[in-house]
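For reference, the structure is listed below as structure tokens.
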Amino acid sequence: MTIDKKVLVTGGAGFLGSHLCQRLVEQGNDVLCVDNFFTGRKVNILSLLDKPNFELMRHDVTLPLFVEVDEIYNLACPASPVHYQFDPVQTTKTSVHGAINMLGLAKRLKARILQASTSEIYGDPEIHPQPEEYRGRVNTFGPRACYDEGKRCAETLFYDYHTQHDLQIKVMRIFNTFGPNMHPDDGRVVSNFIVKALKNEPISIYGDGQQTRSFCYVDDLIDGMVRLMATPDTVTGPINVGNPDEVTILDLARLVIDLTGSKSELIYKPLPQDDPLQRCPDIGRAKKYMNWTPEIALEDGLRKTIAYFDRLLAD
Ligand code: NAD
Ligand code: UDP
Ligand code: UDP
């Protein structure tokens, strides 16, 4: 196998990071995975540990990092509301100090760097679906602020390192993504619903379940991420990447029950503060600049994810 590039993936032991590492290793890159294992797990990257072109380093991105690489994917940050709200100060530090350190590293190395940003940039949106030009409606106080504002500040840092230091940047706004390698206690809606359904335990709907999300299967998302990194220097983003197929949370619960043949009942709990009522990406830019559209339907992605959790719970 000929080694292509040296690629750093921060947050590489997490849900998305582990799929990205897998893809980059398969492509013949020399991959350095950096993670502090806050939400990530070694088991996600177990099959890569004996590969000659994969290396794992335990490190917190809020601290400086001196390594030599050609490209950086900056994914380090807890993504589930339950986990990013556990230590909100650390969440902001991870987004902001982490971005500064990874941008400083990229600047020294003249390396191309991609930021895993988020649809949370738009907060609880008044415009639907959300195009990149929309500036969002985010609460600077409140339980989601540490994540939303941390990610917004990181985008600003990326933009300023690009204009001030001529850095090659790519900012990707990721919308809700799901698939294998999600932690059973991740806390996000797809994994929560599937785990409860497989155990025939009650499924909790927050609010009336009429809020919407648009769910992208992980393989499509990773395809978009690798494509964005490969775009010409002039493409910096931000670019939305997600599946525009929008569903209510109640319909998602019914679909999961249907696909698992579960006996779970639905129970209703209060809607958490600042929970966005609707979310759907406008993916015009992703189509135009990356020739990307998602290919895996929600139901097909759910089947694969159910099979993963079924195996996991059986162990
Ligand atoms: P995840 O929680 O599974 O993975 C995050 C990884 O980052 C974990 O392995 C964790 O241990 C690591 N990490 C956290 N803080 C760190 C630190 N200070 N130093 C080093 N490592 C650290 O979440 P995910 O779904 O894989 O999300 C990955 C990235 O994509 C995140 O930046 C997230 O904000 C972004 N994103 C994800 C989604 C989604 O739907 N999955 C949506 C929008 C944005
Ligand atoms: N940094 C790093 N690795 C490097 C180069 C820089 O972690 O290889 C960190 C460094 O600790 C600094 C941050 O990145 O705090 C920002 O670097 P930059 O060069 O932009 O700023 P400065 O060093 O001037 O503060
Ligand atoms: N949700 C729910 N039950 C759960 C987990 C989440 O009803 O067990 C709802 C949540 O209130 C939100 C949506 O599902 O409206 C998506 O939540 P998630 O935490 O997955 O991600 P978000 O997009 O809110 O960051």
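First listed ligand is number 1; within each ligand, the first listed atom is number 1. When a residue number appears, it is its place in the shown sequence, counting from 1.
Numbered from 1 in the order shown, with element, the atoms of ligand 3 that lie under 4.0 Å from a heavy atom of I205 read 7 (O). Within the listing of ligand 3, atoms 3 (N), 4 (C), 8 (O) sit less than 4.0 angstrom from a heavy atom of F193. Residue I249 has at least one heavy-atom neighbour below 4.0 Å for each of these atoms of ligand 3: 7 (O), 13 (C), 14 (O). Of all the atoms in ligand 3, the ones that sit under 4.0 Å from a non-hydrogen atom of N176 are 21 (O), 22 (P), 23 (O). Of all the atoms in ligand 3, the ones that sit under 4.0 Å from a non-hydrogen atom of N192 are 4 (C), 5 (C), 8 (O). Those atoms of ligand 3 that come under 4.0 Å of a heavy atom in P81, given as number and element, are 19 (O), 25 (O). Atom numbering of ligand 3 starts at 1 in the shown order; those under 4.0 Å from a heavy atom of D275 are 10 (C), 11 (O), 12 (C), 15 (O).
A salt bridge between R108 and E68 is present, with a side-chain N of the basic residue lying under 4.0 Å from a carboxylate O of the acidic one. D223 and R227 are joined by a salt bridge, as a carboxylate oxygen and a charged side-chain nitrogen come within less than 4.0 angstrom of each other. At a threshold of 4.0 Å, the pair D35-K42 does not count as salt-bridged, since none of the basic side-chain nitrogens sits closer than that to a carboxylate oxygen. Of the charged side-chain nitrogens involved, at least one lies within less than 4.0 Å of a carboxylate oxygen, so that R144 and E120 count as a salt-bridged pair.
Counting heavy atoms closer than 4.0 Å to ligand 3, residue I203 contributes nothing at all. Counting heavy atoms closer than 4.0 Å to ligand 3, residue E120 contributes side-chain atoms (C-beta onward) but none from N, CA, C or O. Residue-level proximity to ligand 3 for Q211 is carried by the side chain, the only part with a heavy atom below 4.0 angstrom. Of all the heavy atoms of V189, the ones lying under 4.0 Å from any atom of ligand 3 are found in both the backbone and the side chain.
Each of L75, I45, V218 was scored for a side chain to side chain contact (heavy atoms under 4.5 Å, CB included) with S18, with one residue passing: I45.
The distance criterion of under 3.5 Å between nitrogen or oxygen atoms is met by S204 with respect to ligand 3.
Taken together through direct or relayed side-chain contacts under 4.5 Å among Ile, Leu, Val, Met, Phe, Trp and Tyr, L313 and I194 form part of one hydrophobic cluster. In terms of hydrophobic clustering, with Ile, Leu, Val, Met, Phe, Trp and Tyr side chains grouped at heavy-atom distances under 4.5 Å, L114 and V171 are assigned to different clusters.
Nearest heavy-atom pair across M102 and I72 is O-CD1, 3.9 Å.
Listed by chain and number, the hydrophobic cluster partners of L277 are Y206, L271, where partners are ILVMFWY side chains within reach of under 4.5 Å, directly or through others.
Aromatic ring orientation, H165 versus Y161: tilted (interplanar angle from 30° to 60°). Note: Y122 and Y134 have parallel aromatic rings, judged against thresholds of 30 and 60 degrees for the angle between ring planes.
In this structure, R279 has a heavy atom closer than 4.0 Å to ligand 3. Distances shorter than 4.0 angstrom occur between a heavy atom of R144 and an atom of ligand 3.
Atom-to-atom distance recorded for F178:CZ and K304:NZ is 10.0 Å, nearest 0.5 angstrom.
Annotation: side-chain contact (heavy atoms from CB on, under 4.5 Å) contacts of L46 (sequence neighbours excluded): V43, L49.
Counting heavy-atom neighbours within 6.0 Å of Q210 CD, excluding the residue itself, gives a total above 12.
Within the 4.5 Å cutoff, no side-chain heavy atoms of C77 are placed close to those of Y84.
Residue-level contacts of ligand 2 at the 4.0 Å heavy-atom threshold are P64, L65, F66, I100, N101, G104, L105, K107, R108, Y161.
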*Working for salt bridge (charged side-chain N to carboxylate O under 4.0 Å, His left out), residues E133 and R285*: CA-CA 11 Å; E133 295 78 17; R285 281 196 195 179; 3.0 Å; yes
Can you give me a line-by-line list of nitrogen or oxygen pairs between ligand 1 and the protein shorter than 3.5 Å?
from	atom 1	to	atom 2	distance (Å)
ligand 1	2 (O)	T39	OG1	2.6
ligand 1	3 (O)	F15	N	2.9
ligand 1	7 (O)	C77	N	3.3
ligand 1	9 (O)	G14	N	3.0
ligand 1	9 (O)	D35	OD1	3.2
ligand 1	9 (O)	D35	OD2	2.5
ligand 1	9 (O)	G40	N	3.2
ligand 1	11 (O)	D35	OD1	2.6
ligand 1	11 (O)	N36	OD1	3.4
ligand 1	11 (O)	F38	N	2.9
ligand 1	11 (O)	T39	N	3.0
ligand 1	11 (O)	G40	N	2.9
ligand 1	13 (N)	N36	OD1	3.3
ligand 1	18 (N)	D60	OD1	2.9
ligand 1	18 (N)	T94	OG1	3.1
ligand 1	19 (N)	V61	N	3.0
ligand 1	21 (N)	N36	N	3.2
ligand 1	21 (N)	N36	OD1	3.3
ligand 1	25 (O)	R188	NH1	3.0
ligand 1	25 (O)	R188	NH2	3.0
ligand 1	26 (O)	F15	N	3.3
ligand 1	26 (O)	L16	N	2.8
ligand 1	32 (O)	L75	O	2.9
ligand 1	32 (O)	K151	NZ	2.8
ligand 1	34 (O)	Y147	OH	2.6
ligand 1	34 (O)	K151	NZ	3.0
ligand 1	40 (O)	T177	N	2.8
ligand 1	41 (N)	R188	NH1	3.0

